[in-house]
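For reference, the structure is listed below as structure tokens.
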Amino acid sequence: MYQALYRKYRPKTFADVIGQPHVTVTLQNEILSNRIGHAYLFIGSRGTGKTTCAKIFAKAVNCCHPEGGNPCCECEMCREIDFGEAMDIVELDAASNNGVNDIRDVCESTAFTPAKGKYRVYIIDEVHMLSAGAFNALLKTLEEPPAHVIFILATTEVHKIPATVLSRCQRFEFHKISAYDIASRIEYVVSQENASITKDAAFLIAKISDGAMRDALAILDKCMGNGEEITADMVADAVGLVSGEQMFWLMRAILQKSPQDALAVIDEFARCSKNMTRLAFELISGFRDVMLIKTLKDAKKLMGTSDDEYSRLTDLAKDVTLETVIFIMDTLQSSFEKMSRGCDGRTELEMCVIKLCSPHLSYSNEAFASRIDELERKISDLDSGVKPKELPLKKDLEKNRNDGAAKESALKQEKIKAAGEKVSKMTAAESTGEEDVLGRFAQKGIEKKISKPVEKTVTDRQEVSDSSASGVDIKFLHRNAQKMGNWTEILDVLKEYSRTVAMAFKGSDAYISGDFVLIDSKNEMAFELLRKSSQRDQIRNAIKSVTGRAYKLGPYSADDNVNAEKIRQSADPLNDLAEVARKLGIDVTEV
């Protein structure tokens, strides 16, 4: 008769148990030191090894030749326990034997000495199903059993067990097994069965099983009936899931705000009789992985995915903000709850997808936050001269990513080479109006245009006019300036970057005029700091963190002539070119 894989490959010693070293090592040490307790409580979710460890422990305490706290699995007692023939090992299913009389029979049988072994071991599975009367009947025997009796209670719902029972047991908590351990075990079992499995398929089974080894082996058992080569698509078909490629296609359609593509994918799923509630759950799981990638530096350990799937998820996460991902997950979660209450699954999911592709149709706080975040991102891109990006809605995403990386690398090398040649030939240049009033180059100065050379020496350099330095009408700026209400808050943020810089601006005021923040200070040290590109960047970052918008900087004064003079004094092309050369790694001592 065929034996299921989870029974055939059930661990026989503590060394074979996967993912529970904190439990197995402790039990082995108790056996070695002869400090065996009279009552144990094994807690954990399904398929994590509670009953398996209970049977191994029962074998180890009765084994005729134990080896390092493990049973030998060869003596008569070990063989009888493995085949379920040992009279001294009593297994009770509390789900079906939960009455007072059932427990009373157990308590009465504890008076008999073991038939062959050293201990009579009572394994009560799903102990939380016992009635209140049954728990009360067990209390006295559980607290002071005969010396030859050991109780092992197993449960998945510890909160249902009375405190009087908990206080009489040694408590061991079984953790969910990691996806990497499950995938490794699956590959071992497949190799023993003379079959093969892909990495993606092993990780997909591990992800579906949710930390339960028994569930993983049951899924594997079903897949092995379809052929010797097990793939991810075969696993998805076996458990009624959508394929990984289809799921990525749907996620890309949602992120690209393409309702027609998303609805077409859902229609394909419906024609294949896929469960819409399960599909919503998988979408939530997929966007959770994207959220982890956006939040953590190394999210792969928490995701339990293969290298290829992690790479594709990383590509999806590049062009979406965390706020948008959270809005998507919240909307999907609401639809999932409605489906669970009996709503038409397909209709509800289609409504949800249309909302995700058109956030203006939703009036929730999350929808407004997503729309505002999208607008801020577009404004920031326009300010920095970055063209809006579109998500690649293609199946061959790996090829597109490699081609894009190669083009980007070549373009970057060309820009660096061109900028290096210009810096080596020119000693000064003026800005084209794309940067701050006080700065010749922004943080990405190597991408700015360089023109109009001036004298090489600092002492004899050409004076730069206010119009060429700023590219704007100074009088126009000051006539339209409005006082900045949150300047104090910006200075508080600036303290986190540099307390010295923040102190230099103490008592100052700021004004907003279009894309400029004009700073009014009586302390000349403040304007000295503004001339340094590194300090300028700190101030701009502080302003952006408070206002959410990138501004250009300039001085403010009631006298426009004073402003123009400050601009001329701050315009130092040689210093800015030296800063660019330093970033490029070019030696400018000869210039």
Side-chain angles (χ1 to χ4, degrees), residues 179-180 183 198-204 206-207 231-233 235-236 241-266 268-269 279-332 353 356-357 359 370 373-374 376-378 380-381 384 386-413:
Y180 297 97
T198 63
K199 287 280 186 181
D200 290 343
F203 273 104
L204 180 58
K207 190 173 183 178
T231 63
D233 290 340
V235 174
L241 300 178
V242 298
S243 67
E245 186 63 35
Q246 290 175 316
M247 180 57 61
F248 278 106
W249 180 271
L250 180 56
M251 292 175 66
R252 287 197 295 267
I254 292 174
L255 293 178
Q256 196 175 358
K257 304 290 190 298
S258 177
Q260 63 273 18
D261 293 327
L263 293 177
V265 175
I266 293 176
E268 183 180 349
F269 292 156
L279 176 58
F281 178 80
E282 291 179 53
L283 273 174
I284 295 172
S285 178
F287 281 107
R288 170 190 173 268
D289 291 340
V290 176
M291 178 186 67
L292 293 178
I293 292 174
K294 297 292 294 185
T295 306
L296 305 176
K297 291 183 178 179
D298 185 13
K300 189 175 180 181
K301 295 180 180 179
L302 297 181
M303 293 167 55
T305 58
S306 63
D307 294 338
D308 182 62
E309 185 177 0
Y310 181 78
S311 177
R312 291 195 290 178
L313 287 169
T314 303
D315 286 333
L316 286 181
K318 286 181 180 179
D319 296 307
V320 63
T321 62
L322 182 60
E323 290 79 6
T324 300
V325 174
I326 292 176
F327 163 65
I328 292 174
M329 293 180 64
D330 184 77
T331 306
L332 285 170
V353 167
L356 295 177
C357 294
S370 176
D373 177 73
E374 184 70 15
E376 289 179 345
R377 185 179 65 83
K378 290 181 178 179
S380 178
D381 289 344
S384 58
V386 177
K387 295 182 179 179
K389 295 181 179 179
E390 294 184 357
L391 290 174
L393 195 59
K394 297 180 181 179
K395 292 186 177 181
D396 195 5
L397 192 60
E398 184 73 23
K399 182 177 181 300
N400 288 345
R401 185 176 66 254
N402 293 336
D403 294 344
K407 292 180 180 178
E408 182 180 357
S409 177
L411 181 61
K412 183 177 179 181
Q413 293 297 328

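Side-chain atoms are counted along with the backbone in the values below, which use heavy atoms only and exclude waters and symmetry mates.
Remark: the T314 side chain and the S311 side chain contain no N/O donor-acceptor pair separated by less than 3.5 Å.
Contact record, V235 with A201: CG2-CB, 4.0 Å, taken as the closest heavy-atom pair. Shortest non-hydrogen contact noted between V325 and F287 is CG1-O, 3.5 Å. Counting all heavy atoms, side chain and backbone alike, L279 lies closest to M247 at CD1-CE, 3.6 Å. Across all non-hydrogen atoms, the minimal contact from A253 to C357 is O-SG, 4.2 Å. For the pair A179 and A206, the tightest heavy-atom approach, listed with the atom from each and the gap, is O-CB, 3.4 Å. Nearest heavy atom pair, residue A299 against residue Y310, reads N-OH, 4.2 Å.
Judged by distance alone, with hydrogens and angles left aside, the side-chain atoms of T295 form a donor-acceptor pair with the main-chain N or O of M291 at under 3.5 Å.
S285 meets the side chain to side chain contact (heavy atoms under 4.5 Å, CB included) test with K207; sequence neighbours excluded. With sequence neighbours excluded, the residues satisfying side chain to side chain contact (heavy atoms under 4.5 Å, CB included) with F281 are R278, F336.
Using a 4.0 Å cut-off between a side-chain N of Lys or Arg and a carboxylate O of Asp or Glu, D315 and R312 do not qualify as a salt bridge.
Here the CG atom belonging to L283 is positioned 7.5 Å from the CD1 atom belonging to I266, to the nearest 0.5 angstrom. Interatomic distance, L263 CG to E268 CD, rounded to the nearest 0.5 Å: 13.0 Å. Rounding to the nearest 0.5 Å gives a distance of 14.5 Å between NZ of K294 and CG of D289.
For the side-chain contact (heavy atoms from CB on, under 4.5 Å) with I328, the qualifying choice from I326, D330, L332 is L332, the only one to do so.
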Exercise. Decide yes or no on side-chain contact (heavy atoms from CB on, under 4.5 Å) for T231 and D200, but give the supporting numbers first.
Key: CA-CA 7 Å; T231 63; D200 290 343; over 6 Å; no
Quiz item: Can you check side-chain contact (heavy atoms from CB on, under 4.5 Å) on M251 and L313, steps first, answer last?
Solution: CA-CA 10 Å; M251 292 175 66; L313 287 169; 4.3 Å; yes
Quiz item: Under the side-chain contact (heavy atoms from CB on, under 4.5 Å) criterion, do K199 and D308 qualify, and how do the steps go?
Solution: CA-CA 10 Å; K199 287 280 186 181; D308 182 62; over 6 Å; no
Practice problem: Before giving the answer on side-chain contact (heavy atoms from CB on, under 4.5 Å), spell out for I254 and D261 the whole-Å C-alpha distance, their side-chain angles and the decisive distance to 0.1 Å. | Solution: CA-CA 8 Å; I254 292 174; D261 293 327; over 6 Å; no
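Here the side chains of L255 and V290 are not in contact, with every heavy-atom distance at 4.5 Å or above.
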